[in-house]
Amino acid sequence: MNGYETVELASDPWSGDSTGLVASGGVFLLLIVIVWQIAATWRARMLAAREDEYRRLSAKYAQLLEDNVELHRRTSEELTQARQAIVSMEKMMREIE
């Protein structure tokens, strides 16, 4: 060979190049940011869906309330007509007596 002996030294993991450590940290940081953004997007979509559901329920409630008011009005009219008919019948019965 060339007359020189090669000596292998024990490697210290902290004494070497820190590029791999920085790269690993960067990759983990990137993954954390990506997961964070996915979670934030999912939450925003869920909140928007909930808000749409509240709007739909509110519109349905308003329609049911209008229907209820209309039914109340018709019932009141029918009751008034029934009272008038009863008063008329009582008047007619008094005249017959």
Side-chain angles (χ1 to χ4, degrees):
M1 306 215 223
N2 62 9
Y4 295 103
E5 285 187 38
T6 57
V7 177
E8 225 176 280
L9 299 175
S11 63
D12 185 11
W14 299 108
S15 66
D17 192 14
S18 62
T19 305
L21 183 64
V22 171
S24 296
V27 168
F28 285 123
L29 183 63
L30 178 65
L31 289 174
I32 289 170
V33 169
I34 289 171
V35 169
W36 189 280
Q37 288 301 315
I38 289 171
T41 302
W42 177 78
R43 183 174 181 201
R45 285 183 184 170
M46 294 305 289
L47 290 174
R50 185 184 303 165
E51 188 174 320
D52 289 342
E53 184 68 17
Y54 284 148
R55 283 188 187 135
R56 189 184 67 76
L57 287 174
S58 176
K60 184 176 180 179
Y61 174 74
Q63 182 61 45
L64 289 172
L65 186 60
E66 287 177 17
D67 293 346
N68 192 22
V69 168
E70 177 63 23
L71 286 172
H72 185 281
R73 185 190 61 76
R74 281 194 284 176
T75 303
S76 295
E77 287 177 1
E78 289 174 3
L79 184 58
T80 302
Q81 290 173 358
R83 284 182 182 164
Q84 289 173 352
I86 290 172
V87 167
S88 172
M89 288 174 68
E90 287 176 344
K91 197 182 218 183
M92 188 172 54
M93 289 176 77
R94 284 188 190 131
E95 289 176 359
I96 293 177
E97 290 179 3

Got a salt bridge between R74 and E78, using NZ or NE/NH1/NH2 to carboxylate O under 4.0 Å?
no
Taking the side chain as everything from C-beta on, heavy atoms only, tell me whether H72 gets closer than 4.5 Å to S76.
yes
Between the side chain of S58 and the main-chain N/O of Y54, is any donor-acceptor distance below 3.5 Å?
no
Is the shortest distance from a Lys or Arg side-chain nitrogen in R56 or E53 to a carboxylate oxygen in the other one below 4.0 Å?
yes
Just so I know, are the side chains of L47 and E51 near enough to count as touching, which here means a heavy-atom distance under 4.5 Å?
no
If you measure from CG on L57 to CZ on R55, what distance do you get to the nearest 0.5 Å?
12.5 Å
R73 atom CZ, over 12 foreign heavy atoms within 6.0 Å:
yes
Does the distance from a Lys or Arg side-chain N to an Asp or Glu carboxylate O, for E95 and K91, drop under 4.0 Å?
no
Do L64 and N68 make a side-chain contact, defined as non-hydrogen atoms from C-beta onward lying under 4.5 Å apart?
no
Please confirm whether the backbone N or O of Q37 pairs with a side-chain atom of T41, one donor and one acceptor, at under 3.5 Å?
yes
Do L30 and I38 belong to the same hydrophobic cluster, where Ile, Leu, Val, Met, Phe, Trp and Tyr are linked whenever their side-chain heavy atoms lie under 4.5 Å apart, directly or via other members?
yes
With rounding to the nearest 0.5 Å, note down the distance linking CD in E90 to CZ in R83.
12.0 Å
